[in-house]
Amino acid sequence: MSLFGSSQRLGVAALLLAFSNLLSRLMGLIRDKVISWQFGAGHEADMYFAAFVVPDCINYLLAGGFMSITIIPLLSRSFQENPQEAWRFFSCVVSWFAIASLVCTGLGMLFAVELTEFVAPGFTYEQKLRLAFFMRLILPAQVFFLTGACFTALLFLRRQFRVPALTPLIYNGCIILGGLLLPALLLLFEPEASFQEMSQKVGMTGYCLGVSIGALLGAFVLPLLAARQQALPLTCCFSHPLLKKFLLVALPLMLGQTIIMLDEQFLRIFGSMLGEGVVSLLNYARRIAQVPIGLVGQAAAVASYPFLVALLTQGKEQEFAQTLNKALRMGLCLIIPCAAGLLACSWAIITLIFQGGRFGAAESTACVPLLQIMLLAVPLSMLYMVLVRAFYAHGDTITPAVSGTLMTALAIPVYYFISARHSAMAIALTSSLSIGLYILWLFAIWAKRYGSQALHGLGRLSAILLCLAAPATLLSWLSLPFLREMLALSPLLQALVVLILQGGLFLLLFVPPALWLVPELRQSLLRFRNKS
């Protein structure tokens, strides 16, 4: 009962989600390490990553990733006014999402072959058939993600964060197990074959099955069980007075396909036009670049959103601006050194995590500059995760959606006519520039509409942190050739030692002056020490 029923305060919730994100990112890296070891940066891995384009677009179309943002404010007010009507409204949303996800998933599976023409225009006909097979295995996961998102939103409203924190762990665990268990089980029927031979024979099929199984267990079954521990009087309902208001809030998120949402899909679609392995390399680089965003931004944004909504509901706009400013400043203090440290140690990180098996030194060398380019947009991406929820807390889903869609429309011709005709580095640069410009544009809109109180001091703080991080990053990176020449070790051991030395040099050059010049950093470390 304590696992499913108890609620958590903001600080505990943030730590819980941060720890969950840390484990989830670690499991995600383990998953990608296994994939890169077995399949490297080849066609099979390219098709697996490309198979997520259509399922992810269905999720975006139905605003599944924004369920908590759209429904929590309406449910919160409704429960305060009339709990019985609130449950009817919740049942209505669940019913419609179940129907919509089933219809979209069914259409995606039916027209999977035709959709591959848009998903991977650079693939051959045989590769597109294989891609369609993978898509049909992965698509059912969206039914569980989208319907389960309703129950997860209810748990967030109740300030129950433990079960949502388990969701990504179960999901990633099932993918890894699916990829490893399927060839192992088939060995029972072909005992003369080796595990590696069987893995190459079945390819990424087990991983695709693991996606749907992980979504069923982690994103649907577990939140449903947790929600049922307290009141959950669900009924089959398709109409409610609040449904129209919900759709008005959610519709911009459904129709507005922002550059943030479609960035990963663009890497896959346009990467397929540059030949074998490009989709995989871009995916591996993006996975590493997203780690600090997930650790610093996602936990704080998700955990703080219900509390920001509560402040606005109570009319405490001054406290709202102060809380938002504090969240943005604390996030900057963590994300800039994290991104700079990853940039300094990028070769060692890529080599240590991915190199081995079918992923060789050449693939590591090609992946490093992609990671470095993507890291440039990481600090702004973290700020976006917090800022966009401030827009949503005000009930404004239109501004981020419309401005993000306009940036998408501007980015597509650049991707197609320039980046996809040159190199993977050009695609990565287009990604970082389009994301950065969109987020800066969003900050300008916020300042004009809501004032600059919530943004006070962010520019100065960013400048200080960047000035402190730049020499530490540069010197750490310049030390790489000398360290590699001195350390005549195996590639993985060499990468580990280089990572320790480069990381130590970065910390030595950055931390002392940062603690002296940036009070927020000292406060973050003291708060973490006190809570631990």
Check: [Y] and [X] side chains under 4.5 Å, non-hydrogen atoms:
X: Val368; Y: Leu371; result: no
X: Phe52; Y: Val211; result: yes
X: Asn172; Y: Leu26; result: no
X: Arg268; Y: Gln265; result: yes
X: Val119; Y: Val54; result: yes
X: Leu380; Y: Tyr384; result: no
X: Asp396; Y: Arg449; result: yes
X: Arg287; Y: Ile353; result: no

Point-to-point distance, once rounded to the nearest 0.5 Å, from [atom1] of [X] to [atom2] of [Y]:
X: Leu376; Y: Leu433; atom1: CG; atom2: CG; answer: 8.5 Å
X: Leu375; Y: Gln290; atom1: CG; atom2: CD; answer: 10.0 Å
X: Tyr416; Y: Phe266; atom1: OH; atom2: CZ; answer: 14.0 Å
X: Phe443; Y: Leu458; atom1: CZ; atom2: CG; answer: 6.0 Å
X: Asn283; Y: Leu370; atom1: CG; atom2: CG; answer: 11.5 Å
X: Cys333; Y: Leu465; atom1: SG; atom2: CG; answer: 5.5 Å

Walk me through it: do Ile58 and Leu146 pass the test side-chain contact (heavy atoms from CB on, under 4.5 Å)? CA-CA 9 Å; Ile58 291 175; Leu146 290 164; 4.3 Å; yes
Can we call the ring centroids of Phe49 and Tyr284 under 6.0 Å apart? yes
Please report the shortest heavy-atom distance between [X] and [Y], naming the atom on each side.
X: Val94; Y: Cys150; result: CG2-CB, 3.7 Å
X: Pro413; Y: Ala409; result: CD-O, 3.0 Å
X: Ala424; Y: Leu282; result: O-CD2, 3.8 Å
X: Met374; Y: Ala285; result: SD-C, 3.9 Å
X: Leu324; Y: Ala454; result: CD2-CB, 3.6 Å
X: Met382; Y: Gly331; result: CE-C, 3.3 Å

Return the orientation label for the Tyr450 and His394 ring planes: parallel under 30°, perpendicular over 60°, tilted otherwise. parallel
Using residues 499-510 as the side-chain source, report each donor-acceptor pair under 3.5 Å to any protein atom, sequence neighbours left out, with the distance given to one decimal.
unit_1: Gln502; atom_1: NE2; unit_2: Ala344; atom_2: O; d: 3.4
unit_1: Gln502; atom_1: NE2; unit_2: Ser476; atom_2: O; d: 2.8

Going through the distances and angles, do Val402 and Leu406 end up as a side-chain contact (heavy atoms from CB on, under 4.5 Å)? CA-CA 6 Å; Val402 172; Leu406 289 174; 4.3 Å; yes
Counting only heavy atoms not in Glu317 (residues, nucleotides, ligands), do more than 12 fall under 6.0 Å from its CD? no
Measure from NZ or CZ of Arg421 to the centre of the six-membered ring of Tyr415, then state whether that distance is under 6.0 Å and the direction lies within 45° of the axis. no
Taking only Lys NZ, Arg NE, NH1 and NH2, and the carboxylate oxygens of Asp or Glu, determine whether Glu319 and Lys326 approach each other closer than 4.0 Å. no
Could you list all the side chain to side chain donor-acceptor pair (under 3.5 Å) pairs where at least one residue sits in residues 429-439, not counting sequence neighbours? Asp263-Ser431, Ser419-Thr430
Please evaluate residues Ile427 and Leu274 with respect to the criterion side-chain contact (heavy atoms from CB on, under 4.5 Å), reporting the C-alpha separation (whole Å), side-chain torsions for both, the decisive distance (0.1 Å), and the verdict. CA-CA 10 Å; Ile427 290 180; Leu274 289 172; 3.5 Å; yes
Between Tyr171 and Phe144, does the ring pair (Phe, Tyr, Trp, His ring centres under 6.0 Å) criterion hold? Intermediate values first, please. CA-CA 11 Å; Tyr171 174 66; Phe144 309 126; over 10 Å; no
Between Phe391 and Leu387, does the side-chain contact (heavy atoms from CB on, under 4.5 Å) criterion hold? Intermediate values first, please. CA-CA 7 Å; Phe391 276 100; Leu387 181 68; 4.0 Å; yes
Looking at Ile269, is its backbone amide N or carbonyl O close enough to the side chain of Ser272 to form a donor-acceptor pair, meaning the two atoms are under 3.5 Å apart? yes
Keeping Lys33 on the side-chain end and Gly28 on the backbone end, is there a donor-acceptor pair under 3.5 Å? no
Ser423: what forms a side-chain contact (heavy atoms from CB on, under 4.5 Å) with it, not counting sequence neighbours? Met425, Ala426
